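Data block below; observations after.
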Amino acid sequence: MSSLTDLPEIGAVTAKQLIAVGISDAEALRAVGAREAFMRIRDQLDPGACVQLFTGLECAVRGIRAKELSPDDRAELRAWFRASRL
């Protein structure tokens with residue numbers, strides 16, 4: 001098992017949030033996926049969770065830094081985030 005903070009874009013605060021919603025390690029995050037992880041955090045801990053958190057979770061799942069996302073990927077992530085707020 002690898003630590004959540006070993007993943008790109010996951011710092012101590014986000015790791016604590018993930019653990020609080022039942023995602024305890026990198027493998028669990030990959031299994032659940034960024035969307036489900038984000039929804040858990042938003043629904044259980046932080047109703048104001050932002051698009052940057054969601055983007056960071058997606059990057060962590062993919063194993064990349066945010067600057068590596070293509071413009072199309074960024075647009076798709078923002079579209080999903082906006083739709084999830086409805």
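In this text the structure is predicted, and so the values were computed from the model without any measurement. Numbering of residues begins at 1 and proceeds along the displayed sequence.
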Handout entry: Exercise: identify the closest heavy-atom pair between Ser3 and Ala26
Key = O-CB, 4.1 Å

Practice task
Determine, stepwise, if the pair Glu76 / Arg35 fulfils salt bridge (charged side-chain N to carboxylate O under 4.0 Å, His left out).
Solution key: CA-CA 12 Å; Glu76 190 275 326; Arg35 292 174 185 202; 2.5 Å; yes

Handout entry: Transitive ILVMFWY cluster of Leu53, excluding itself - 4.5 Å side-chain cut-off
Key = Leu4, Leu7, Ile10, Leu18, Ile19, Val21, Ile23, Leu29, Val32, Phe38, Met39, Ile41, Leu45, Val51, Phe54, Leu57, Val61, Ile64, Leu69, Leu77, Trp80, Phe81

Handout entry: Pairs touching residues 54-64 that satisfy side chain to side chain donor-acceptor pair (under 3.5 Å), sequence neighbours left out
Key = Glu58-Arg62, Arg62-Asp73

Fill in the blank from the handout: What one should report as the nearest heavy-atom pair of Ala66 and Glu9 is N-OE2, 3.0 Å

Practice task
Output the distance between atom CZ (Arg85) and atom SG (Cys50), rounded to the nearest 0.5 Å.
Solution key: 9.0 Å

Fill in the blank from the handout: Here the pair of heavy atoms bringing Gly63 nearest to Pro8 is C-CG, 3.5 Å

Exercise for the section: Can you run down the side chain to side chain donor-acceptor pair (under 3.5 Å) pairs that involve residues 42-51, sequence neighbours left out, and say none if there aren't any? Expected result: Arg42-Ser84

